[in-house]
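Residue numbers count from 1 along this sequence. Start at 1 and go down the list; that is how both ligands and their atoms are numbered.
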Amino acid sequence: MSKYIPSPSKWVSDQVELYESSGGIEGTTMNGLPVIIVTNRGWKTDSIRKTPLMKVMDGKKYILVASNGGASNHPSWYKNIKKEPKVQIQDGPTIYHMKANEVTDTITKNRLWEIMEKAFPPYRDYKNNTTRDIPVFLAE
Ligand code: F42
């Protein structure tokens, strides 16, 4: 069994702890909007990592947006999921085992951006304020 290493960012690890310890009843939102917890594997350490992300759906698929709060670099979990696409997604009390693939097709990505901006409007600012192409995964 690999070891779980909590995020060094306290607000992130606090949200994960509250979410999980309450069985997905508390800590499930940011700015009033729903959040999921994605469990992934560190590509370098092989440890277990847990990442809160906005809940954005394309039908039954989860859209994972590597926005990193609009930063100029990809979040660490981007590389982790590219290396090991198998993730666990906790959505409230429900846990799913899924596979997350990066969306590279422009037409699909543009369609997903419309959904993402409606679900979480700050994504639009993140996109406009960074030169990097924000990666997007579809988990199913
Ligand atoms: N981030 C998003 O990108 N999109 C969202 O929609 C989003 C929503 C959200 C909602 C609530 C909330 O609390 C946080 C939210 N975040 C969102 C922030 C998100 O949870 C992450 O904190 C953010 O995306 C940054 O991801 P990160 O993986 O870079 O996390 C940092 C804080 C972190 O944990 N860094 C570790 C460290 O030690 O510095 C690295 C952990 C890691 O994955 N290590 C790898 C390993 O092998 O173990 C090696 C990494 C390498 O390449 O060296």
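- Here the protein heavy atom with the shortest distance to atom 22 (O) of ligand 1 is Val12 CG2, 3.5 Å.
- No side-chain N or O of Asn68 forms a donor-acceptor pair with one of Tyr78 less than 3.5 Å apart.
- Residue contact check for ligand 1: Tyr123 places a non-hydrogen atom closer than 4.0 Å to it.
- Here the heavy atom of the protein found nearest to atom 4 (N) of ligand 1 is Val65 O, 2.8 Å.
- For atom 32 (C) of ligand 1, the closest heavy atom belonging to the protein is Ser7 OG, 3.3 Å.
- Atom 52 (O) of ligand 1 has as its closest protein heavy atom Trp43 NE1, 2.7 Å.
- Scanning Pro52, Ala71, Pro34 for the heavy atom closest to atom 15 (C) of ligand 1 points to Pro52.
- Taking both residues in full, the closest heavy atoms of Asp46 and Ser2 are given as O-OG, 3.1 Å, listed atom of the first, atom of the second, then distance.
- Protein heavy atoms come within 4.0 Å of atom 34 (O) of ligand 1.
- The shortest contact between atom 40 (C) of ligand 1 and any protein heavy atom is with Ser76 OG, 3.5 Å.
- Of the protein's non-hydrogen atoms, Arg49 NE, 3.3 Å is the one closest to atom 42 (C) of ligand 1.
- For residues 15-32, the salt bridge (Lys or Arg N to Asp or Glu O under 4.0 Å) pairs, not counting sequence neighbours, are Glu20-Lys50.
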Expected list for residues 115-125: side-chain donor-acceptor pairs under 3.5 angstrom, two or more places apart:
from: Glu117; atom 1: OE1; to: Arg124; atom 2: NE; distance (Å): 3.2

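- No N or O atom of Ser9 sits closer than 3.5 Å to an N or O atom of ligand 1.
- At a heavy-atom distance under 4.0 Å, only side-chain atoms of Met30, from C-beta outward, approach ligand 1.
- Taking only non-hydrogen atoms, the option from Thr45, Ile37, Asp14 nearest to atom 48 (O) of ligand 1 is Thr45.
- Distance from atom 28 (O) of ligand 1 to its nearest protein heavy atom, with residue and atom name: Trp77 N, 3.1 Å.
- Counting only heavy atoms of the protein, atom 45 (C) of ligand 1 lies nearest to Asn80 OD1, 3.7 Å.
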